[in-house]
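From a predicted model like this one, the values you see are computed outputs, not experimental measurements. Proteins get letters first, then strands, A, B, ... in listed order; numbering begins at 1 in each.
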Amino acid sequence: MSLDVTLQTDPESFGADATDEARRQVEICNACRYCEGYCSVFPAITRQKVFASGDITQLANLCHNCRGCYYACQYTEPHEFALNLPRALAEVRTESWDRLAWPGGLSETFQKSGVALAGALVAGFALMFFAISALPSGGEGFYAHLGHTAMVAIFAPAFLLPLAAMGVSLTRYWREVGGTRVTWADLREAGASAGRLRNLSGGQGQGCNFEEGDRYTDRRRQMHQLVLYGFLLCFASTSSGTIMHYVFGMEAPYAWYALPKLLGVPGGVMLTVGALGLAWLRTKADPELGAPDVKGGQMGFVLLLAFVGLSGLVLYAATGTAAVPLLLALHLGSVLALFLLIPYSKMAHGFYRFAALVREAQIARAAS
Amino acid sequence: MTDDLNRLSATRWDVVVVGGGNAALCAAIEVAETGASVLMLEGAPETYRGGNSRHTRNFRCKHDAPLSVLTDAYEEDEFFDDLMRVTKGKTDEHLARLAIRKSEEALPWMEAHGVRFQPSLSGTLSLGRTNAFFLGGGKALVNAYYNTAADLGVRVVYEAQVRHVGIEGRRFTHVEVEKDGVTHRIEGRAIVLAAGGFQGDIDWLARAWGESARNFLIRGTPYNKGVVLRDMLDQGAESVGDPTQCHAVAIDGRAPKYDGGIVTRLDCVPFSVVVNRDGDRFYDEGEDVWPKRYAIWGRLVAAQPEQVAYSIIDSRSIDLFMPSVYPPESADTIDGLAQKLGLPGAKLRETVERFNAACTDGSFSPQELDGLATTGIEPAKTNWARPIAEPPFYGYVLRPGVTFTYLGLRVDETARVTGPEGRYDNIWTAGEMMAGSILGQGYLAGFGMTIGTVFGRIAGQEAAAHVA
Ligand SMILES: Cc1cc2nc3c(=O)[nH]c(=O)nc-3n(C[C@H](O)[C@H](O)[C@H](O)COP(=O)(O)OP(=O)(O)OC[C@H]3O[C@@H](n4cnc5c(N)ncnc54)[C@H](O)[C@@H]3O)c2cc1C
Ligand code: SF4
Ligand code: SF4
């Protein structure tokens, strides 16, 4: 293939939009390659000479914003090349989520604005208060306040519709980055990388650069792992409850030693601690190395996760007290907001990242 | 930790370290580990700290068995032979062997002080045995050392330009250092000078090399202006290294005047014809593989009118080398390309046509010396001589890019500097400021950081022992 020079950029003329700017920086990195050992992004860059817009979208979603390549870069400002790859890719990434979200418009609001997230949370509370007071109840435990049927009527669509919307977005993503048919090997490879957050490891397990500037620490990865696995445990808890309900006819409330509780309580603790930890780390990190536009939305999202976890735990602790209806409304309201916002908040990043890792596995295999 | 010089000048420091690159950091860390007080004066602002060391990617390391990321073995004699080859014998064998031998223990020391290594980068596999690459490159190394130094209590002042080293007889007494236009006097019991070469001072380069040096690009920091070197030489310190010479390689002519670093390298020459401003060829582009030739091309281009040359390839060669950071000029005809490059069109066409006619049949093999040579033209192209025939045609501008200068201070094996009255009592130097003792000519990839690390450590240990 011969080089299409119309696609290569002058390293000193800043891009007009986020994609052009990231392309400019990526081309400089491709001539340098010093950061090759940090993450999957650089090996992906070195496979190409020129970068179509879809390639930039893919690189941006592959980047985990570990920031190693910023602190190691000899071309950061005031150098005329003005490298800040973590930020350039973050801007492409958040812009791609806006563009790919379906329906359009919502992502712009909720990615950026912590206030909008708070608004959604309040709406969630209000809806649940209304449901608890107006809809039929029947049963024990939570069901004494909001019946099982009503719960399902609200949460099944609140869970499935966002997932469907996410599916639309991922299909668009896949088309944009030129993805091919997904194989088990792709999924395995991506799963191994995501499961260990390899791209936040700094390449050698020393961690990334976040709350301590140019010093590596592994705290962000640890906190993120707590959130990720805590969330998955909570999810598994709910799923196990659903299965026990429908398959085995065992209805809530469950004893502390039942599966939903054994999964849910540690899950809730991990989610809460991890999310608060991430929020705290965020206050120490340099906002200039991310996409500053979405700073508020991202902080809001992390706090929402913490609220979901904490309210769940408090609700459990308050079992049998008069506070239950109130706490139930708060917890379910936050879960509702979280679910509904999946495609339009930072929550979407998990889906896109995973897709990017799958695509990277495909490209890497094709190249080897 | 950054501190106010006014306050810091009230202290008499055990050891003052001048400079803020690899050699200075290694020295400062060694001193601080003995518990002595260290003040480091870095002339550059914090964002540009680390001199040329921040542009590096690897260091060359002797090893008798696989070591960290290094494969196989690279023994002392082979290392020394490699050095003899590039310097054509212009080296102090005693110091060179010391640097080589000590490089092996330097690697674990570097790791223990925060440096991380990675296997050789893509496109540089040939160095995987001899050179250990820094994860993230030289700036990551510099950051790691600054953190280690800070943890050890080393005080660092940025934008602190040392103007004068105060010496009484054979003893260093103080430095005069300028920050924000104010000159401060700082006293110390010993000093390590590690302020690099003088390539950042274009006037000095022009005096040494000739006026044409004004057209050279400087690949590294603008802060290495040789102020401390000049000051020491003016006070009668003994020098080594050819004062008129610098190491210059051919780089992209569009690079920034300073600090363009690694990305401005161009690897297209062996697959191209190279012409000067007048459209004439002037040297065998295919004499050897590029890593062995890029340095002589710096001098070759420097000798051409206006110190500029143009490397021209066709579409068949565009994917044969690492991507360039500046996009090539391109056109469907040689005339069109000449116009874009500002070259005389008819002349360039004639040069290319004569070259093409001189190419012979044979197999072209970009990864090795393929012997595909021209016949009947001067200068010949002795490898990879394939016609420039398939449009689009691409052109790159080449200029000399200075890596470092050779002039430095003479040292003994303890890195101590010698003055008019013999060895100074308490002045040591390391890194580029004394590398001319070992690298009298040419360059061996990765050896600059080896010299800086080994002699930086020695200088630090010696200075610490002196003040203990
Ligand atoms: C683009 C490029 C790539 C290179 N790649 C490699 C490589 O991969 N491997 C390798 O071994 N070598 C490489 N080199 C050579 C290498 O950079 C040097 O050999 C090495 O960095 C020298 O270290 P140093 O500490 O002596 O000097 P430097 O790192 O240049 O440090 C000199 C310091 O002194 C400071 N200073 C200067 N004047 C004053 C003053 N008056 N007062 C106070 N401070 C002052 C400067 O600000 C700077 O911090 C490369 C060089 C360049 C330009
Ligand atoms: S971020 Fe900077 S140091 Fe890292 S590869 Fe890119 S240009 Fe090189
Ligand atoms: S921020 Fe981290 S993950 Fe992103 S490109 Fe840089 S090194 Fe890779």
Check each of B:P323, B:S324, B:S330 against A:Q8 using the side chain to side chain contact (heavy atoms under 4.5 Å, CB included) test, and report the only one that passes. B:S324

Taking every heavy-atom pair that is under 4.5 Å apart, which of A:Y38, A:Y216, A:Y75, A:F42 has the most such pairs with chain B? A:Y75

Scored by heavy-atom pairs under 4.5 Å with chain B, the best of A:C35, A:G68, A:C32 is A:C32

Using a distance-only test with no angle check, is there a side-chain donor-acceptor pair under 3.5 angstrom linking A:E12 and B:Y326? yes

Is it the case that B:R54 and A:Q74 place a side-chain donor and acceptor less than 3.5 Å from each other? no

Toward chain B, the part of [X] with a non-hydrogen atom under 4.5 Å:
| X | result |
| --- | --- |
| A:P43 | neither |
| A:Q206 | both |
| A:C73 | backbone |

Pick from B:P256, B:G137, B:A140, B:G261: which one has the most heavy-atom pairs with chain A under 4.5 Å? B:P256

Dump the intermediate steps for side-chain contact (heavy atoms from CB on, under 4.5 Å) on B:R57 and A:R33, then the final yes or no. CA-CA 10 Å; B:R57 54 183 183 177; A:R33 305 189 174 183; over 6 Å; no

Decide side-chain contact (heavy atoms from CB on, under 4.5 Å) for B:V325 and A:E27; before the verdict, give the C-alpha distance in whole Å, the side-chain angles of both, and the deciding distance to 0.1 Å. CA-CA 7 Å; B:V325 73; A:E27 286 176 4; over 6 Å; no

Testing the basics here: between A:Y34 and B:T56, what is the closest heavy-atom pair and its distance to 0.1 Å? CE2-O, 3.2 Å

When rounded to the nearest 0.5 angstrom, what distance separates CG in B:N143 from CG in A:N209? 8.5 Å

